[in-house]
Amino acid sequence: MIRTRTEIKNFKIWMICLTLFLWALLLAAPFLGLLDDSMLYSMFPFLNFGLVVTGTIAGNELPQFITDNFSFGLSLACVMIVIALIVLVVYLFVKLILSSQRSKAKKVLRKTGYSAEYFALLEKKKKHLKGSYLEAVNDLCLAKEYGDGRRYDSALELLRNVDIDKFKVKDAAHYYALYAYIFILTGNLQNASFAIDLGVPFAEKAKDKSEMEFVSALLLYAQKDYEGAEKGFRPLIKSHNNEIRVWSGMYLGLIFLRQHKNDNARKTVVALSKFRKTPRQSEDILKLLKKIETAYALEEEERQEELASAGEVQPA
């Protein structure tokens, strides 16, 4: 699901512009003859404070305009404050609704995993944003969730139909990296390589190549070039992107297991525990830990067999 701060950002800007417009209209109304103190106080008598200001500033008498309209100006200021408060309440109310939607989806994901109930909530959000400026970005987020939920056909369908012309450079880089990632997981390595080639220029412009570097290393892993994949994953375990850091560490762990470096695999995976992980990553880490346990068990069996064999050939 799209992040709340992304969804609320433009709404916030719109509300600020609305507030400034209403303030400007209110301030201009007296000069245009559309509003005066008698009209204002007839509608809102409680705003008539009846305050009078007199005196001097630096030895100069206050301008007649200020002394005559001080109370009226103060009343207008109060109206401006009320307008700002109303706009703020509306903004906070909308933000609360959006946050509650996201919280509900997270709660369902924690309880049921990547279930039909979880994706029903995301699809409902998709329908709500259809035709809006956020539709493309939300579809990209939804495609990632489908990928994490191993619903690769649904993810690919969304990626094929999304309007990439509405993406910013960073979103475009993420789009091609996600496309390549899904292709690799489904075994379509040729299209994965093509998606990476298309995405590299966007990643370079966005000045964040971590996702593209990750899928490039993952492609090498899928092609069984484990040495090249290891070189690609190693720098990424220090990435500022926690998700990329965790995935890279997990694949390094798998490579270490293939190299029979069980201790390295265990240390790498244990180090991932301090980073925030997606539910999909949490699931896969548990599977990886079981693989490591199995590797240690097999190693111990082989060691015992070797000891037993050595004992059989030793002279009495």
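F93 and L98 sit in two unconnected hydrophobic clusters of ILVMFWY residues. Membership requires side-chain heavy atoms under 4.5 Å apart, directly or through other members. Under a hydrophobic clustering in which Ile, Leu, Val, Met, Phe, Trp and Tyr are joined whenever their side-chain heavy atoms come within less than 4.5 Å, directly or via other members, Y91 and V89 fall into different clusters. Neither M80 nor L34 shares a network with the other; the hydrophobic side chains, linked directly or stepwise wherever heavy atoms of I, L, V, M, F, W or Y lie under 4.5 Å apart, form separate groups for each. The hydrophobic clustering, which links ILVMFWY residues whose side-chain heavy atoms are closer than 4.5 Å, places I13 and I83 apart. In the hydrophobic cluster analysis, where Ile, Leu, Val, Met, Phe, Trp and Tyr join through side-chain heavy atoms closer than 4.5 angstrom, L185 is grouped apart from L220.
Under a cut-off of 6.0 angstrom, the local environment of NZ in K209 is sparse, with at most 12 non-hydrogen atoms contributed by other residues, nucleotides or ligands. For Y133, the OH atom counts as densely surrounded, since its 6.0 Å shell holds more than 12 non-hydrogen atoms of other residues, nucleotides or ligands.
In this structure, N138 and L122 have side chains that are not in contact, with every pair of non-hydrogen atoms separated by 4.5 Å or more. Taking the side chain as every heavy atom from C-beta outward, L129 and E7 approach each other to under 4.5 Å. Side-chain contact between S71 and D37 is absent, with no heavy atoms from C-beta onward closer than 4.5 Å. Side-chain contact between N262 and F256: absent, with no pair of heavy atoms (C-beta onward) separated by less than 4.5 Å. Between S75 and Y41 the shortest side-chain heavy-atom distance falls below 4.5 Å.
Atom CD1 in I8 sits 7.0 Å away from atom NZ in K95 (nearest 0.5 Å). Atom-to-atom distance recorded for D148:CG and I182:CD1 is 7.5 Å, nearest 0.5 angstrom. Between the CG atom of L286 and the CD atom of Q281 there is a distance of 12.0 Å, given to the nearest 0.5 Å.
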Please tabulate, one pair per line, all N/O donor-acceptor pairs under 3.5 Å involving side-chain atoms of residues 156-165, not counting sequence neighbours.
residue: N161; atom: ND2; partner: E157; partner atom: O; Å: 3.0
residue: D163; atom: OD1; partner: D165; partner atom: N; Å: 3.2

Compile the donor-acceptor pairs under 3.5 Å between side chains in residues 264-275 and protein atoms, sequence neighbours left out, one pair per line.
residue: R266; atom: NE; partner: Y296; partner atom: OH; Å: 3.3
residue: T268; atom: OG1; partner: N264; partner atom: O; Å: 2.8
residue: S273; atom: OG; partner: V270; partner atom: O; Å: 2.7

For residues 187-208, tabulate all N or O donor-acceptor pairs below 3.5 Å that involve a side-chain atom, not counting sequence neighbours.
residue: N188; atom: OD1; partner: N191; partner atom: N; Å: 3.3
residue: D208; atom: OD1; partner: S210; partner atom: N; Å: 3.3
residue: D208; atom: OD1; partner: S210; partner atom: OG; Å: 2.9

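Using cut-offs of 30° and 60° on the angle between ring planes, the pair W247 and Y181 is tilted. The aromatic rings of Y179 and F183 lie parallel to each other, with less than 30° between the two planes, well short of the 60° mark.
Note on D284 versus K290: no salt bridge recorded, every NZ/NE/NH1/NH2 to OD/OE distance being 4.0 Å or above. Salt bridge R280/E243: absent, no basic N to carboxylate O contact under 4.0 Å. A salt bridge between E230 and R234 is present, with a side-chain N of the basic residue lying under 4.0 Å from a carboxylate O of the acidic one.
With side-chain heavy atoms closer than 4.5 Å counting as contact, directly or through intermediates, the hydrophobic cluster containing I81 also holds L85.
A donor-acceptor pair is defined here as one N or O able to donate and one able to accept, closer than 3.5 Å; no such pair exists between the side chain of S99 and the backbone of L96. Side chain of T19 to backbone of A84: no donor-acceptor contact under 3.5 angstrom is found. Using modelled atom types, one side-chain atom of S100 and one backbone atom of I97 make a donor-acceptor pair closer than 3.5 Å.
Of all heavy-atom pairs spanning Q304 and E300, the tightest one is NE2-OE2, 2.7 Å. Closest non-hydrogen pair, L76 versus P30, comes out as CD1-CG, 4.0 Å. For the pair L178 and K144, the tightest heavy-atom approach, listed with the atom from each and the gap, is CD2-N, 3.7 Å. In terms of heavy-atom proximity, D171 sits nearest to F167 at CB-CD2, 3.7 Å.
The side chain to side chain contact (heavy atoms under 4.5 Å, CB included) search around R258 returns Y221, Y226, not counting sequence neighbours. Every residue two or more places apart in sequence or in another chain was checked for a salt bridge (charged side-chain N to carboxylate O under 4.0 Å, His left out) with E301, and none qualifies.
Looking at D36 and S38, their side chains do bring a donor and an acceptor atom within 3.5 Å of each other.
Outside the 6.0 Å centre-distance limit, the rings of Y152 and Y146 are not counted as a close aromatic pair.
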